[in-house]
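See structure below.
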Amino acid sequence: MSFAAFKMMHSPTGIENCASGFITDSSFTPTVTPIQTDDLDSDWSTTPKPIGPVPNLIVTAANVLEIYTVRVQEETAKPPIESPRGGVLAGVSGASLELVCQYRLHGNVESLGVLSSGGNGFDAGRRRDSIILTFEDAKISILEFDDSIHGLRTSSLHCFEGPEWLYLKRGRESFPRGPLVKADPNGRCAGVLIYGHQMVILKATEVISGLVGEDSALSAGGAVSARIQSSYIINLRDLDMKHVKDFVFVNGYIEPVVVILHEKELTWAGSVSWKHHTCMISALSINTTLRQHPLIWSATSLPHDAYKLLAVPSPIGGVLVLCANTIHYHSQSMSCTLALNNYAVSSDGSPEMPRSSFSVELDAANATWIADDVAMLSTKTGELLLLTLVYDGRRVQRLELSKSRASVLTSGITTVGSSFLFLGSRLGDSILVQFTSGAGASIFPLGMREEVGDIEGDIPTAKRLRMSSSDALQDMNDDELSLYGSGPNNAQSSQKSFSFAVRDSLINVGPLKDFVSGVRINADLNATGVSKQSNHELVCCSGHGKNGALSILQQSVRPDIITQESIPGCKGVWTVYHKNARSHVIDSSKVAADNDEYHAYLIISLENRTMVLESANNLEEVTENVDYYIQGSTIAAGNLFGRRLVIQVYAFGARLLDGGYMVQELTFKVPNSEVGSGSESLTVSFVSIADPYVLLRMSDGSIQLLIGDPSSCTLSTTSPAVFESSKKLICACTLYHDRGPEPWLRKTSTDAWLSTGIGEAIDGSDGASHDVGDVYCIVCYESGILEIFDVPNFTRVFSVDKFLSGKVNLMDTFMPHPADSSFEGVKMNESVSAHGRNDNVQDIRVVELAMHRWAGKHSRPFLFGVLSDGTILCYHAYVFDNSDTASKDEKAANSQTSGNNCTISGSRLRNLRFVRVSLDTYARDETTPGTFSKRMTIFKSVGGFQGLFLSGTRPAWFMMFRERLRIHQQLCDGPIMAFTVLHNVNCNHGFIYVTSQGTLKICQLPSSLTYDNYWPVQKVPLKCTPHQVSYFSDKHLYPLIVSYPVLKPLNQVLSSIVDHEVGHQLDSDSMNLDGTYPVEEFEIRFMEREKSTGNWQNRKTISMQSSENALTVRVVTLFNSTTKESEILLAVGTAYVQGEDVAARGRIILYSVEKTGDSSPLTVSEVYSKELKGAISALASLQGHLLIASGPKIILHKWTGSELNGVAFYDVPPLYVVSLNIVKNFILLGDIHKSIYFLSWKEQGSQLNLLAKDFGSLDCMATEFLIDGNTLSLMVSDEQKNVQVFSYSPKLSESWKGQKLLSRAEFHIGAHVTKFLRLTLLPTSDRTNAGPGSDKTNRYGLLFGTQDGSIGCIAPLDELTFRRLQSLQKKLVDAVSHVAGLNPRSFRLFRAKGRVHRPGPDSIVDCELLCHYEMLPLEEQLEIAHQIGTTRKQIMSNLNELVLGTSFL
């Protein structure tokens, strides 16, 4: 391998930082923004406590930044259709997180802060908060939300790297942590700690009403975000602060005051007995104008294990210092302490500390405030503790600690508004919790202190919560208000009681420690090619401790097939409803029942006939008994008039049917055409149905509209005059039904009358159906212009030039004149044709449009466009009120339009905008021109999910969760010709699709999977830490190493770590051994998935001995030298962990596993066990022998059937083997500190020979061979989050006659890679336009998993493709505006952290950057392709081949 591509396939999910702030909405009042008013009940009296405006939640996972809005569901009088998670609490029945925006950054976020807009001053409530992100080594980006683009914009960048800032490092090269940011609670400034002891102060701009700039910004965008004016550096070493641990801004001062926790002189384990109170805190008053920072108070003699500061909110003020065994409160005038366990030592000469009622260790805790005097602490074991500051109005008397609940192991915790908590986790799923205080004491006899349950398994509480009706809450309104006061509510207890309810969770599959590729239970063993790949799934060890789980990940969806039938020549399938006595007044209570109504008929369109089947019970053909048009193929079918009637459209006409009986038949003819002008050949080519309208696009590009009359249930044909008069060719059109009691698009209109009264104009004389909503027609012309008309008047309400080019944001352009707009297209084509001559861009046009708004109170419509080259444009609508700037354009437009167009300019959807959504995980369809078939099918309930199914050669599911689309491919059947939903007795919320081979399949989605993730995932909780997994392919068994902590008596633990051979005896009298100590116990579990239910079962457990750690488990094939047969055995390598005084030992154990039938128990018998010197950290089978890495050597054994005999050894790893990989007779070995070794095994002389090694020092984490044709390369990942590719090239002089491995490529991944898996690249040469050399055989890609939950792959490239993509990558560094101002090239440079490193060749391209190419407008894509001397088509084909070649699972 000389060249490769790096591609992230599953983004990181482990949340490292979380914060909350008013990013998208100001905190002014809930009525400022329409979004907030939807959240809140207008009738305050019914709710016990108003939730208030809820801020946004900001989370980061490695390099992914996401902003969520919390959507609160108020409790309503009528019971909800499905009970939301967590029951009813404080008048809220549910809350969920909805995604506002998501970005993949070119850099890992080190810390996250929110610069608040300040609570005072002119229009403070109108200002929004900004996000501060910090990156290694000292980069700071400030981002604000921009309504006009519905995304984040960088407002300032501060970088303290490079030669001119080198002096800040004071000669150091590596630092234990990246920059840490904290913001002043009043938003006056923020501080960033860089390089250990340099404090960067970011001064915020002050808002004064007289500022001209602010005024214009306020009028244009409505709200202004907090901004940074300037920055400067305070060197903390000058203030004699050497070892800074943490800092925080405190409340209650006129100027910003920062309190810094630092250690005067370090201590260590040997001197901690006499030197233990080494920390202190210092408070500096920051004057940002004079840049002065006087010390105003300090406190000394804090324990050496103090690690975190927490600013106490007003009115108390001051700071909490968290230590491992104590908690200290300090302010300028007072202090108090709380001891947490027996290890707490009071400083010399100070009085005895008050102790907490229970013992707890607080190292690595996270904390947030849930009241002015109550902090919630999350410990390292996942317990939630409540810390109350007992405050009498003058001073803090004491600290009280109480247990609350158990929860996930958190990496960060933040309060979101006044009623929600977010627990972010790297090791488990992150959860959103609602809390309420006080009221719980009177409703629930059980306070939360007595009941320490897990916050997730909170079922009894939820039931109790649901039983307490809202009336009971109303009676207590007055008492309750007194309970919200900051003081204690009664004299005896100063502790408030809190109630909690889990409201939402974000799934996390990290940290991925190990994984194997196994076969799915619904696999098709006869499959070949790409569809064979979707037989496989990844079984991963993820999580830690009680959040440990087995995660089963699948890259593509494989449906569960109920039945299948061969129907050759099938063109399309539709299912329709039918109810006889259905009133057309839609009652809201029936909406729920509508989803459960069975489909009545299945219509199948063949080449030259149509089949009709009854579908309510069993599928029975009724083609001959119904009045459907069956002599030819059907174009479309659907329901009209609230599912009363069925419309069937065929090539020359349409039929309206009531069940099986025809009500009306229409035939289409060309309007106002002369006889004999070939009008017979006019046929329908595309149909869109939006009750009560049917839009038809004819084969000549003209448009006809069928209008239904709800009272008489008949259709009439019109052809809109607006299309008749213009000569522009229409290439795609669709209807959009803006449903619901509050149609969404009305919000985007500027007219007050339109937002209330347009409904009557549409509903006609009937007037009964008020919440039918509005219908719009979206049309795209050959020239690339997109227009939206309202139906049936066909007034133009929105238009965009160059929809085709795929700009990031679409907004309404005022068209002066319908006739003039054709010139726009000409201009565009001229500009494009300069570069488009060799790229056949003229052929690109929009072939299909769809627009839909899925169910959900706050959902916004999506707009999809399929281009003829297979690109899919996806846009998400949003509202941007830009009234002032728009009115000028409008006047200009009005003067021009008044003459020749009746459009009332005011009724335009002027505030409607669209933002483009990236679909980079989807491989484009290589469509052949001229074969158009409808590809997009919108579904409202398939297995309870909603979204869109895309048929074609690369079928995919676009599922809708939290206002975000999750794209899951379905590769198991190859191309899919047609798709429709089916809900009947035998198929509950399932679907039907037809493959290109003519097989009709009726399926359901696998219910065990969670689809709200980058890949569909099933998490099997283990409640213990999984370490390594292997796979028995013939038995479908997964042996798994797990460990869990066990509390053992201290004397038992100590006696086990004494080396009995030396004869040390414990003097038991002198030691008080009455405690317990947690020890990790290891066991091997055999996990299997049941065929029938799909649930995972633990078939067998093998426990390890006391203090024996299982390090590795592998399924090995050994050649039995006695019977001359191969045996498949399970090999386990262990180590005895008994402290540093005992010589290291380990065991190798071989098990044989027998499984006779599916139901019979598993028999696992130990065949062999032997103790060896050194820990056995890695195993592999090499040509029938067993290779064991045992301590400082590797030994090759042969198997006799009862004995392992050593045949060869090599003293190779100096320290500890991390991984062993075998290809043929070659061995790749990774050492924990000394990089990699490359060996070979020769059977003739029974020799293990060292071929070459890397002479540098490298902390390996995982290794694997990379195979490209007949080139063998060695891949290694290290502790600095890099990967390197080495080659063995003995003929080159720089390899020192072959002793040295040469670096061929290096790349910074930005995550710890824990495992590589070698998988065959899929052939992509079966398609016609594959590039030369792309059908090379014997090519393997490496799939890797990381500690932050991401999965990626590294795939070999041929040189031509590599050179082309590398030139493109260099162009994109400058052509794309990168979020947070980050440079993708510097992110991908090898990190050496101060070690000597010679830069290696740049031979890996970064697909994370290349995926931005598809998001550029078409003109820029052509321009860049032209500059690097290639074509857009060629680049797209290369990128697509990478996606296709790596569709492994």
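What you are looking at is a predicted structure, and each value in this text was computed from that prediction instead of being measured.
Taking every heavy atom of both residues into account, Ala637 and Ile603 meet most closely at CB-CD1, 3.6 Å. The heavy-atom pair separating Thr734 from Ser688 by the smallest distance is OG1-OG, 3.4 Å. Nearest heavy atoms, Ser941 versus His989: OG-ND1, 3.3 Å. The two atoms that bring Tyr736 and Pro861 nearest to each other are OH-CG, 3.3 Å, heavy atoms only. Here the closest heavy-atom approach between residue Asp812 and residue Arg910 is recorded as OD2-CA, 4.1 Å. Heavy-atom minimum distance, Ile844 versus Leu867: CG2-CD1, 4.1 Å.
Looking only at side-chain heavy atoms (C-beta outward), Glu98 and Lys857 stay at 4.5 Å or farther from each other. Considering only heavy atoms from C-beta on, Asp691 stays 4.5 Å or farther from Asn639 through its side chain. Contact of the Gln664 side chain with the Cys713 side chain is not registered, since no non-hydrogen atoms from C-beta on lie closer than 4.5 Å. Residues Asp790 and Asp774 are not in side-chain contact: their nearest non-hydrogen atoms beyond the backbone lie 4.5 Å or more apart. Leu715 has its side chain within reach of Leu640: a pair of non-hydrogen atoms, C-beta onward, lies under 4.5 Å apart. In this structure the side chain of Leu657 never reaches within 4.5 angstrom of the side chain of Val663, judged on heavy atoms. Met959 places none of its side-chain heavy atoms less than 4.5 Å from the side chain of Leu965. A 4.5 Å side-chain heavy-atom check between Val800 and Lys807 finds every atom pair outside the cut-off.
Atom CG of Leu695 and atom CG of Leu735 lie 4.5 Å apart (nearest 0.5 Å). Atom CZ in Arg503 sits 10.5 Å away from atom OG in Ser96 (nearest 0.5 Å). Distance check: Leu656 CG to Gln648 CD gives 11.0 Å after rounding to the nearest 0.5 Å. Going from atom CD of Glu848 over to atom CE of Met936 covers 4.0 Å, rounded to the nearest 0.5 Å. The distance from the OG atom of Ser716 to the CD1 atom of Ile707 is 5.0 Å, given to the nearest 0.5 Å. Distance check: Cys780 SG to Leu804 CG gives 7.0 Å after rounding to the nearest 0.5 Å.
Checked against the 6.0 Å centroid criterion, the rings of Phe145 and His150 qualify as a close aromatic pair. Two rings, from His599 and Tyr577, have their centers less than 6.0 Å apart.
Put simply, the residue from Ile976, Val847, Val866, Leu948 that forms a side chain to side chain contact (heavy atoms under 4.5 Å, CB included) with Arg935 is Val866. Each of Tyr776, Phe723, Tyr693 was evaluated against Phe789; a single residue qualifies, Phe723, per the ring-ring contact (aromatic ring centres under 6.0 Å, His included) test. In summary, of the residues considered (Asp147, Asn809, Asn911, Thr748), a side chain to side chain donor-acceptor pair (under 3.5 Å) with Tyr878 occurs for Asn809 alone. When the options His876, His858, Arg71 are evaluated for a side chain to side chain donor-acceptor pair (under 3.5 Å) with Glu963, the one that passes is His876. Results of the side chain to side chain contact (heavy atoms under 4.5 Å, CB included) test with Phe803 over Ile778, Ile785, Leu849 single out Leu849 as the only residue that passes. When Phe945, Phe991, Tyr1011 are each tested for a ring-ring contact (aromatic ring centres under 6.0 Å, His included) with Trp957, only one passes: Phe991.
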TODO: Would you please test Phe798 and Phe914 for ring-ring contact (aromatic ring centres under 6.0 Å, His included) and show each step?
DONE: CA-CA 12 Å; Phe798 186 84; Phe914 292 92; 5.8 Å; yes

After noting the C-alpha distance and the side-chain angles of Ser951 and Tyr993, does the key distance pass the side chain to side chain contact (heavy atoms under 4.5 Å, CB included) rule? CA-CA 9 Å; Ser951 45; Tyr993 61 87; over 6 Å; no

task = Check step by step if side chain to side chain donor-acceptor pair (under 3.5 Å) holds for Thr795 and Asn793.
result = CA-CA 6 Å; Thr795 48; Asn793 308 328; 5.2 Å; no

In sequence, state the C-alpha distance, the side-chain angles, and the governing distance for Val981 and Thr575, and then conclude on side chain to side chain contact (heavy atoms under 4.5 Å, CB included).
CA-CA 7 Å; Val981 293; Thr575 45; 4.2 Å; yes

Yes or no on side chain to side chain contact (heavy atoms under 4.5 Å, CB included) for Val942 and Phe949, after CA distance, side-chain angles and deciding distance? CA-CA 10 Å; Val942 170; Phe949 185 82; over 6 Å; no

With side chain to side chain contact (heavy atoms under 4.5 Å, CB included) as the criterion, how do Val70 and Leu97 come out once you've worked through the C-alpha distance, each side chain's angles and the decisive distance to 0.1 Å? CA-CA 5 Å; Val70 179; Leu97 293 171; 3.8 Å; yes

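Of the N and O atoms on the side chains of Arg845 and Ser868, not one donor lies less than 3.5 Å from an acceptor on the other residue. Under 3.5 Å, the side chains of His578 and Asp658 contain a donor-acceptor pair of N or O atoms. Side-chain contact of Gln704 with Thr717: a donor-acceptor pair under 3.5 Å is absent, judged by distance alone.
Formation of a donor-acceptor pair under 3.5 Å by the Thr980 side chain with backbone atoms of Trp574 is not found in this model. Under a 3.5 Å cut-off, the side chain of Ser685 and the backbone N or O of Arg697 do form a donor-acceptor pair. Judged purely by atom type and a 3.5 angstrom limit, Arg796 has no side-chain atom pairing as donor or acceptor with the backbone of Glu787. Side-chain atoms of Asp1012 do not come within 3.5 Å of backbone N or O of Phe961 as any donor-acceptor pair.
Taking the centre and axis of the six-membered ring of Phe880, the NZ or CZ atom of Arg913 falls outside the cone set by 45° and 6.0 Å.
Arg964 has a carboxylate O that lies under 4.0 Å from a charged side-chain N of Glu66, or vice versa, which qualifies the two as a salt bridge.
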